[in-house]
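Naming convention: chains lettered A, B, ... in sequence-line order (proteins, then strands); numbering from 1 in each chain.
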Amino acid sequence: MITHVSRFGGTVPRTHRCGELGRDHIDQTVNLTGWVHGRRDHGGIIFIDLRDRQGITQIVFDSEEDGSCHQQADQLRHEYVIEIAGRVTLRPEGSENPHLATGEIEVRATTLRILNESKPLPFSIEDDVHTSEPLRLKYRYLDFRRPRMNKLLELRHQISFQVRTFLHHRDFLEIETPILTKSTPEGARDYLVPSRVNPGEFFALPQSPQLFKQILMVGGTDRYFQMARCFRDEDLRLDRQPEFTQIDLEMSFIDREEVLDLTEQMIREVFQETKGIDLPDPFPRYTYHEIVSRYGTDKPDLRFDLPLEDLSTFARSSDFKVFRHAMESDGLVKGLVVKGGAEFARNRIDNLVEEAKSYGAKGLAWVKIIDDWKLDSVIAKFLNPIELQRALPQAQPGDLLLCVADKPSVVHNVLGRLRLHLGTELNLINFDRWEPLWVVDFPMFEYDHESKRYVALHHPFTSPAPQDIPFLDSEPLKVQAQAYDLVLNGFELGGGSIRIHSAALQQQVFDLLGIQKEEASKKFGFLLEALELGAPPHGGIALGLDRLIMLIGKTESIRDVIPFPKTQKAQCLMTEAPSNVSHDQLKELHIRSTWTPTENKPKDEL
RNA sequence: GGGGCCGUCGUUCAGCUAGGUUUAGGACGCCAGAUUGUCAAUCUGGAGGUCGCGGGUUCAAAUCCCGUCGGCCCCGCCA
């Protein structure tokens, strides 16, 4: 083999990576490349921790062994990029480093080449040195040098790879769908892209490849998947970014069971292969109605219990006007029993009341259950302790009861959030637990009082349960959808449905949603036509890849697992996107900005 | 659009709610020197700050007030 030394700026090929050397390599001459992670200068001897993606190896520059090389090493600083050649030796007895994978050996350098220098960094590469997120985002490449972030990038790859392998072995085809596509009504705000060639017209970035994957099914593709980038122009949260990745899949000639079964297998395999975690088989399954009435939300965190207790019967016969009134106007009364909560100080309870109000409750009734089931509460005189005890068989003296009386949606929303709040505040969550679950039997529609129309709970292409189709016209709110959600530890991991494959039924659902024939044909004409040209029954699911990695990687935010995420204001701190464009660029696109920069004035002057 | 927390040398944190003792301090990093077995190396010395920005109160503001910008968490929005 000829070694090319004349390559421009050429480096000698490295023979090993910094994480792999050990006892087996003793006495071998090796070439390593990497970054100077640390430097310990003892005068006659200099130690360098050389780092690459795989790990760290200690390099020794000894003045007695190689004077010129040692002298050169004096220039080395943090994060210099270097190449060394040297001999692998066992470390002297007593100087092994058990914290390092390569801690038994060291490389005694005979050649040093500085490939690049580095200015002092804006922040430390060490994992355990806290750094503000804006800095990490601005210098994302430095953030990636940190072992923790590096591991997360690797985890992301492993999970995607596992998913691809799993689906490949089950006859799925990975197929790309357009990023420049058509604006979809319903759902989130679209990101728009003006068309230069078609003045006044716009592409939209896909909120999901929903329609394309259905079209692929009509095309006989049978099984499709894609690591699909999706775009939604909505405000950000710790688990929400404007662009994110879904494991998107669709299958023909299947029923709900097959989708759930395949998805479960895939998720179980991913957890097993990446972290050796065993998830339950099968995942527990709850109906939408069950889960909302028990936990107040359709994505409950089941790592702790604290269920909502139904107090409706008790409330109806109580003397408390608020309770009775709620029951008489189609409302509900439910509560949370907080173990040991009777000891809470008044201002702690006041905080909970404020918390509840901020979630939309008119108030939060609280009752301390004290010795012998005496009740300590401002509303105690309206409540019969014996009947309350009957309504709450699992409650005991020492507990605190928190109740909300209101419309069912308010009761569930408030208590669901309060449950989460208490779970965190009282440290009820066991962070070693994994609690996946399916939510099934969603209602097909909700009535939106503001716009005075029915809206799809899932999306307008979801098939109603066959036995409910006759009720579509008469009682739409009773119709159940063939939709399902996968929830893990309180996060919605994904959702899907069996789709409508009949053009007539699709039209009927559009009618119900108030989407006019004309509008439907303009927006989804291609789908409606496809449904008339031999569309097979089909269905699928989409899983949030970023959320999945976030959970498996046990990170605090989705931003840690998205390589280049955006801030809460949807900006990229590294590239400083979005930014102004020139007038000429806009003109070419036939658009003009209506934005006029305003001077910062105090509010009362505006 | 709304609520909350945060912003102090390159980094991280203290000081702020008792306005003056601060010439704004510690640790890490940086620079120079010493140092042959360290791995958070050590020792000596040194440099380094528009206290996010603007305005106000005051004899005096990092500290109090108002506004504003930015980051994070949440509501709305979003599946």
Side-chain angles (χ1 to χ4, degrees), chain A residues 37-49 56-65 70 77-79 91-100 102-103 106 108 119-126 128-139 142 186-189 207-208 210 230-242 244 246 298-299 354-355 357-360 413-414 417 420-421 424 439 442 456-459 462 483-487 491-497 541-544 547 556-557 559 566-569 571 573 598-606:
Chain A
H37 191 67
R39 170 179 81 117
R40 292 173 297 280
D41 182 353
H42 288 249
I45 192 164
I46 296 174
F47 298 98
I48 295 291
D49 292 330
I56 287 175
T57 299
Q58 173 164 284
I59 313 296
V60 185
F61 295 90
D62 193 332
S63 56
E64 282 180 9
E65 208 168 295
H70 171 267
R77 296 292 180 272
H78 275 108
E79 299 305 307
R91 291 195 186 190
E93 183 133 13
S95 65
E96 302 87 357
N97 184 349
H99 305 296
L100 215 57
T102 60
E106 60 196 5
R108 307 190 70 87
K119 293 200 275 193
L121 301 187
F123 60 88
S124 167
I125 297 296
E126 305 282 338
D128 46 3
V129 176
H130 285 280
T131 306
S132 71
E133 207 173 339
L135 260 188
R136 290 174 50 205
L137 292 178
K138 181 171 180 191
Y139 299 97
L142 298 181
E186 316 263 327
R189 260 186 296 273
Q207 293 182 24
S208 79
Q210 182 60 35
C230 304
F231 306 85
R232 293 176 191 166
D233 186 6
E234 298 295 347
D235 286 344
L236 289 75
R237 289 287 187 280
L238 95 153
D239 64 344
R240 237 161 65 189
Q241 281 273 306
F244 59 100
Q246 286 189 339
D298 61 358
K299 46 171 183 152
E354 284 314 305
E355 195 80 28
K357 284 183 179 167
S358 77
Y359 300 145
N413 183 35
V414 171
R417 288 178 192 284
L420 251 189
H421 177 84
T424 309
V439 183
F442 281 81
L457 203 70
H458 197 68
H459 58 54
T462 298
Y484 30 82
D485 271 4
L486 178 60
V487 177
F491 288 90
E492 188 199 321
L493 251 198
S497 62
I541 194 166
L543 303 169
R547 285 182 187 170
E556 284 159 25
S557 125
R559 293 184 300 279
K566 293 177 176 54
T567 66
Q568 199 160 55
K569 283 195 71 193
Q571 293 173 323
L573 294 181
T598 45
E599 299 243 354
N600 296 329
K601 283 181 186 167
K603 263 191 181 156
D604 51 8
E605 286 180 41
L606 288 173

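Counting any heavy atom pair closer than 4.0 Å across all strands shown, A/Ile46 reaches no nucleic acid atom. Within the nucleic acid shown, A/Arg559 comes within 4.0 Å of sugar-phosphate atoms alone, with no base atom in reach, counting heavy atoms only. Residue contacts shown for A/Lys569 are limited to sugar-phosphate atoms, with no base heavy atom under 4.0 Å away.
Applying the 4.0 Å criterion to OP1 and OP2 of B/rG29, one finds that A/Ser124 has every side-chain N and O outside that range. Residue A/Arg417 places at least one side-chain N or O under 4.0 Å from the OP1 or OP2 atom of B/rC75.
The listed nucleotides are B/rC77, B/rC73, B/rU12; the one nearest the side chain of A/Glu234 is B/rC77. Distance from the side chain of A/Leu238 is smallest for B/rC73 among the nucleotides B/rC73, B/rG71, B/rG10. With B/rC72, B/rG76, B/rU11 as the choices, the nucleotide that has an atom nearest any side-chain atom of A/Leu135 turns out to be B/rU11.
Atom C1' of B/rU44 sits at a distance of 22 Å from the matching atom of B/rG37, rounded to the whole Å. On the C1' atoms, B/rC69 is 31 Å away from B/rU23, given to the nearest whole Å. With P as the reference atom, B/rC9 and B/rC5 are 22 Å apart, rounded to whole Å.
Both A/Pro134 and A/Glu492 sit near RNA chain B, but only A/Pro134 has its closest nucleotide nearer the 5' end.
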Protein proximity profile, nucleotides 32-38 of chain B - base contact B, sugar-phosphate-only contact S, no contact -, cut-off 4.0 Å on heavy atoms: S--BBBB
Side chain to side chain contact (heavy atoms under 4.5 Å, CB included) between A/Ile45 and A/Phe47, intermediate numbers included: CA-CA 7 Å; A/Ile45 192 164; A/Phe47 298 98; 4.1 Å; yes
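Between the side chain of A/Arg240 and the base of B/rC78, a donor-acceptor pair under 3.5 Å is found. Residue A/Arg237 places a side-chain atom within donor-acceptor reach of the base of B/rG76, judged by atom type and a 3.5 Å distance cut-off alone.
A/Glu106 is listed as a side-chain neighbour of A/Pro92, based on a closest heavy-atom distance under 4.5 Å.
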